[in-house]
S.K.: 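Here it is, the structure in full.
Values reported hereafter were calculated over all heavy atoms of this structure, with side chains retained and with hydrogens, waters and symmetry mates removed. So that the names make sense, note that chain A is the first sequence line, chain B the second, and so on, each numbered from 1.
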Amino acid sequence: MEPNFFERVYLAVRQIPRGKVASYGQIAAILGHPQAARTVGWALNALSGAQAEEVPWQRVINSAGRISISRADLSADIQRARLEAEGVEFDARGYIDWKRYGWAGLEWAEVEALWGSGA
DNA sequence: GCCCTGACTGCTA
DNA sequence: TTAGCAGCCAGGG
């Protein structure tokens, strides 16, 4: 039984190492749908309480290297604060340096393997 | 099963 | 990099 799209998104996001960031499109690509970036954002948007604690959603930003959240409970401020706490720095304009903090990503097969191993 | 929405992306100017 | 525009995917009503 394969996990549904949302679960896959969470699994992939959970593989992002501390201090690194990935873009929505990158996550979507790992899942096999490079064009489903919006759906990835939608999946993270659907994160609730407990799951929000397990999934490092703050490490997912847009392709411009910037946070693009506009919600009250999970605000851009919170995301930025969490990332800075992990050592990720923002420039004066609020952008992240992809060269320094960009995540190389994984193959879905690898993520799937981790899922299978109970990770 | 159709229609709308959305934490996006790539292309063009 | 920024602004504007259209395309893509999956879930919810």
S.K.: Can a donor-acceptor pair be found, under 3.5 Å and without considering hydrogens, that links the side chain of Q51(A) to the backbone of Y10(A)?
M.R.: no
S.K.: Whole angstrom is fine here: how far is it from CH2 in W42(A) over to P in dC4(B)?
M.R.: 16 Å
S.K.: Roughly how many Å is it from CD1 in I30(A) to P in dC8(B), rounded to a whole number?
M.R.: 17 Å
S.K.: Pick one: which of R100(A), R93(A), K99(A) meets salt bridge (Lys or Arg N to Asp or Glu O under 4.0 Å) with D97(A)?
M.R.: K99(A)
S.K.: Please pick, from dA7(B), dT1(C), dC9(C), the nucleotide with the shortest atom-to-atom distance to any side-chain atom of H33(A).
M.R.: dC9(C)
S.K.: Rounded to whole angstrom units, what separation is found between the CD1 atom of I67(A) and the C1' atom of dC8(B)?
M.R.: 15 Å
S.K.: I61(A) versus Y101(A): any side-chain heavy-atom pair under 4.5 Å?
M.R.: no
S.K.: Grab the CG-P distance between L47(A) and dG6(B) for me, whole Å please.
M.R.: 17 Å
S.K.: Restricting to pairs with a member in residues 55-64 of chain A, which pass salt bridge (charged side-chain N to carboxylate O under 4.0 Å, His left out), not counting sequence neighbours?
M.R.: R59(A)-E86(A)
S.K.: Taking atom C1' of dA10(C) as reference, at what distance in whole Å does atom OH of Y10(A) sit?
M.R.: 12 Å
S.K.: Using modelled atom types only, decide if a donor and an acceptor are shared between the side chain of E110(A) and the backbone of G105(A) within a distance under 3.5 Å.
M.R.: no
S.K.: Under the ring-ring contact (aromatic ring centres under 6.0 Å, His included) criterion, do F6(A) and W42(A) qualify, and how do the steps go?
M.R.: CA-CA 9 Å; F6(A) 274 35; W42(A) 199 64; 5.4 Å; yes
S.K.: With 3.5 Å as the limit, what N/O pairs link the protein to nucleotides 9-13 of chain B?
M.R.:
{"residue": "dT9(B)", "atom": "OP1", "partner": "G25(A)", "partner atom": "N", "Å": "3.3"}
{"residue": "dT9(B)", "atom": "OP1", "partner": "S63(A)", "partner atom": "N", "Å": "3.1"}
{"residue": "dT9(B)", "atom": "OP2", "partner": "S63(A)", "partner atom": "N", "Å": "2.7"}
{"residue": "dT9(B)", "atom": "OP2", "partner": "S63(A)", "partner atom": "OG", "Å": "3.4"}

S.K.: Can you measure Q79(A) atom CD to dC8(B) atom C1' for me and round it to whole angstrom units?
M.R.: 14 Å
S.K.: Rounding to an integer number of Å, can you tell me how far R93(A) CZ sits from dT1(C) P?
M.R.: 7 Å
S.K.: CD1 of I27(A) versus P of dA7(B): gap in Å, rounded?
M.R.: 17 Å
S.K.: Between dG6(B) and T39(A), is there an OP1 or OP2 to side-chain N/O distance shorter than 4.0 Å?
M.R.: no
